[in-house]
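Every number for a ligand or one of its atoms is a count from 1 in the order of the listing. Everything numeric in this text was worked out from a predicted model, so none of it was measured.
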Amino acid sequence: MRLSLRFIVPLALALAAIAYAVVPLVDQLTLKWFMRDLEIRSTLIAAAVQEPLQELVLGGTKAKVLRFFNKMTQDERLYAVGFCDAAQGRLVTTQAFPPDLNCKALDAFLARPTHLLPSAQGPLHVSVQGIEAEGESLGRLVLVHDMSFVQRRSEETKRYVFYFFVGLGAIVSMITVIIAQLSWRGWVQGMRALLRGEGLLRPAERINLPELRPLARDLRTLIRDLETEYRPRDESQITWSPEALKRILREDLKGEDIIVVSNREPYIHVQRGDTVEVRRPASGLVTALEPVMRACSGVWIAHGDGSADRQTVDRNDRVAVPPEHPAYQLRRVWLTKEEEAGYYYGFANEGLWPLCHIAHVRPTFRTGDWNQYAAVNRTFARAVQEEARTNAPIVLVQDYHFALLPRMIRELLPRATIITFWHIPWPNPEAFAICPWRAELVDGLLGSSILGFHTQFHCNNFLDTVDRQLEARVDRELFEVSYRGQPTAVKRYPISIEWPPSDDVMRESVEECRSRVRRRHGLGPHHAVGVGVDRMDYTKGILERFNAIERLLEIEPRWIGTFSFIQIAAPSRSSIEQYQDFEVHVRALALRINARFEAGDCPPIILKVEHHGPQDVYEHYRAADLCFVSSLHDGMNLVAKEFVASRDDERGVLILSQFTGASRELPEALIVNPYDIDQCAAAMHVALTMPLSEQRNRMRLMRGLIQEFNVYRWAGRMLLDASNMRVRGRLMTAETARSAAGR
Ligand code: G6P
């Protein structure tokens, strides 16, 4: 049925085209051609007979003219000839000359010398040509041609054209049918079926060809491998940007969605009187991941703890963010006060945070907290399962709040690619061993496909810990752990920031920022300014920093009244006693130093314990002569990178603790030991007196590094590794199946 339709439809179309377009066209064309032919012929005849006719008309008789004309009409196409005498108006004609044509009627032919006349035996072509002698008109020669032969030839041509087009239509129809058959049923489908391992024919017609199956399998593998190989594998050749990330997701990860899980949400809705405000939290994790998610879209699952968070989500607990230009979904997870107390404040921040930072604050572990931690991890695992649109999603698990989550996701979605990133340091195995649930934590993390740390040192510490805690195979060459039959790659991915920094934070010029910040704090236009931006956290070395400022003023009194240090300290985890105590100490130390060195209205330390948005923070970076990052231990520290990125004027000096991950990447900063107060004071003096050319040289190198290793590269490298892992996984599954079949 389908076959006949495919044949008949093109044929019918061809015939219709012949009947309605080709035949009339051929008719018109042949008529035109023959008319033109006859016109030329008539002109030629008239030219040829001009002279003899002149003589006959001038000297001869009517009979002689008639005889001459009868000779002319022996030509089979010349039907009749006539001559209209100009002097007497007499018409001499051969016998067949149309009777209606007299000399008078010929006057009408003057405007157009060629005419078609109907007659009983068919149309006649009449051509009127003037005959002159010595510039005087002798009369008009009328040549009448028989057009019936034209009609005959036209009929013949039409017949041939008809046969030609019918033949052509039939051939085209045949070709159409054959191609359709080949492509739809045969070759292409057969190839596809072969690649699917179904044999060459359609299921109904399939013959069992087991010998083709290995070929199909190899072909499939080859195609996938080729696909993978043709991608630019050398990450240093990629220009790392949001577009590069999108390309990786689209091409390498076949458009798979990204699901990010973190405790801290990127946008917090807060009730302020009658209005709802949106806040950006002070969190390095959020600073880094937010631009990545803007590029990747997908879903970010986080704890909703803002006072207006519940009223801003839809019925699926989702809200599209960023609020100004939504690019991805924020899925909020709600926790009870007890859960938050046990999981977040308790186990994560009183236990794991001090355990991993080793900043001389003792970790506290409570069973109740641990239970809440496990329960909340389970809640987030369910949220991941709800948000996953396929059974093999890519899940990016963030930080120490979720050490158990990778294993839980692996149980719910065995084919998921789980990339876990540990944003804080990983301590040595001895330090980690004090945690009562150390084995469970490591087991949980080994549910990941990839586990990332900022530095190689932390990767090493983790492998040592695994070695100590579990019966797992640790491959130190590949940096891979095999545990419970599943591999986890342990890799270094130094986190970074968005580059170039967003226009929103760079809009004001450095000059404007300098004068504004100084004016705001009552400082003179040439007053030297240092800046520190941290959460109020004991790991940040804020007390050590203040001690160094005091020491600077002791040893270099010229900075008293000429230098002030603005410390922005965002309140953080304030329900925890150690954080409350820490804040009290920080405030007291600032007060004491200010009291000791206050000169006029210029306190040496301006302490601002309040939340600052990104614009405020960047304004301070751009206004400062130096930025001091004195963390006692820090996975990376993005404040250091933000300060460098903010200085497009290539000025300002970064003083950086040797205990930050950032110090490995930014050796052009003044690297200090924050516990060495004298060294830090000296570094501040060096910074404040550093020549501009040296500031520029250092800044250029640091800016170059951040530009090259921006946060898109951080995320892109993990996604590329994940993609390779997925390809390897597929190959291994195929290999296992092949060897099972061969056994
Ligand atoms: C560190 C952690 C992040 C955390 C941030 C802010 O950077 O690695 O996970 O979000 O501190 O702390 P907070 O407890 O306020 O989220």
Side-chain angles (χ1 to χ4, degrees), residues 260-268 270 279-290 292-293 300-306 309 330 332-333 335 339-359 361 369 373 376-377 380 396-403 405 420-427 452-455 458 493-497 533-542 568-576 578-580 582-583 609-614 617 629 631-642 659-662 711 714:
V260 165
V261 189
S262 76
N263 171 70
R264 184 59 64 204
E265 55 181 342
Y267 294 91
I268 308 173
V270 198
R279 263 208 190 175
R280 302 283 303 277
S283 159
L285 177 155
V286 170
T287 305
L289 268 171
E290 214 279 331
V292 170
M293 275 307 273
W300 185 330
I301 305 175
H303 172 207
D305 72 336
D309 273 358
L330 168 59
R332 286 177 171 144
V333 171
L335 301 179
E339 283 173 328
E340 192 181 3
Y343 140 83
Y344 172 73
Y345 288 110
F347 195 77
N349 285 316
E350 285 190 275
L352 289 179
W353 180 266
L355 175 76
C356 291
H357 279 92
I358 318 186
V361 169
D369 292 349
Y373 184 83
V376 170
N377 271 241
F380 275 82
L396 304 183
V397 176
Q398 304 301 311
D399 231 352
Y400 59 98
H401 310 88
F402 295 115
L405 186 57
T420 303
F421 195 80
W422 196 261
H423 289 255
I424 62 175
W426 188 274
F453 295 95
H454 294 295
T455 68
H458 298 148
Y493 301 98
I495 206 167
S496 195
I497 53 167
V533 178
D534 306 86
R535 283 181 303 102
M536 184 65 95
D537 192 298
Y538 53 81
T539 61
K540 300 295 178 185
I542 300 175
I568 292 177
S572 179
R573 307 171 192 169
S574 358
S575 309
I576 299 174
Q578 282 129 338
Y579 281 78
Q580 293 163 3
F582 181 69
E583 187 180 329
V609 185
E610 60 203 41
H611 180 81
H612 285 70
V617 170
V629 174
S631 306
L632 305 180
H633 205 176
D634 219 330
M636 173 55 72
N637 193 288
L638 292 182
V639 166
K641 292 190 174 179
E642 283 182 342
F659 304 121
T660 59
V711 77
W714 172 76

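When Arg573, His423, Arg264 are ranked by how near their heavy atoms come to atom 12 (O) of ligand 1, first place goes to Arg573.
What you find for Glu290 and Tyr267 is that their closest heavy atoms are OE2-OH, 2.8 Å. Nearest heavy-atom pair, Leu405 versus Phe380, reported as atom, atom and distance to 0.1 Å: CD1-C, 4.0 Å.
Judged by distance alone, with hydrogens and angles left aside, the side-chain atoms of His611 form a donor-acceptor pair with the main-chain N or O of Arg280 at under 3.5 Å. With hydrogens and angles disregarded, a donor-acceptor distance shorter than 3.5 Å links the side chain of Asn377 to the backbone of His401.
Ligand-side atoms of ligand 1 in range of His401: 9 (O), range being under 4.0 angstrom from any heavy atom. Those atoms of ligand 1 with a heavy atom of Tyr344 less than 4.0 angstrom away are 13 (P), 14 (O), 15 (O).
At a 4.0 Å heavy-atom cut-off, ligand 1 does not touch Pro281 at all. Contacts with ligand 1 closer than 4.0 Å are made by side-chain heavy atoms of Ile424 only, the backbone lying farther away. Residue contacts with ligand 1, taken as heavy atom pairs separated by less than 4.0 Å, do not involve Gln398 at all.
The closest protein non-hydrogen atom to atom 7 (O) of ligand 1 is Gly284 N, 4.0 Å. Scanning all protein heavy atoms for the shortest distance to atom 10 (O) of ligand 1 gives Ser283 OG, 2.9 Å.
Under the rule for a side-chain hydrogen bond (donor to acceptor under 3.5 Å, both in side chains), the partners of Asp309 that lie at least two apart in sequence or sit in another chain are Arg332. Under the ring pair (Phe, Tyr, Trp, His ring centres under 6.0 Å) criterion, Trp714 pairs with Phe421, not counting sequence neighbours.
Checked by distance only, ligand 1 and Asp399 come closer than 3.5 Å through their nitrogen or oxygen atoms.
At least one heavy atom of Ala282 sits closer than 4.0 Å to an atom of ligand 1.
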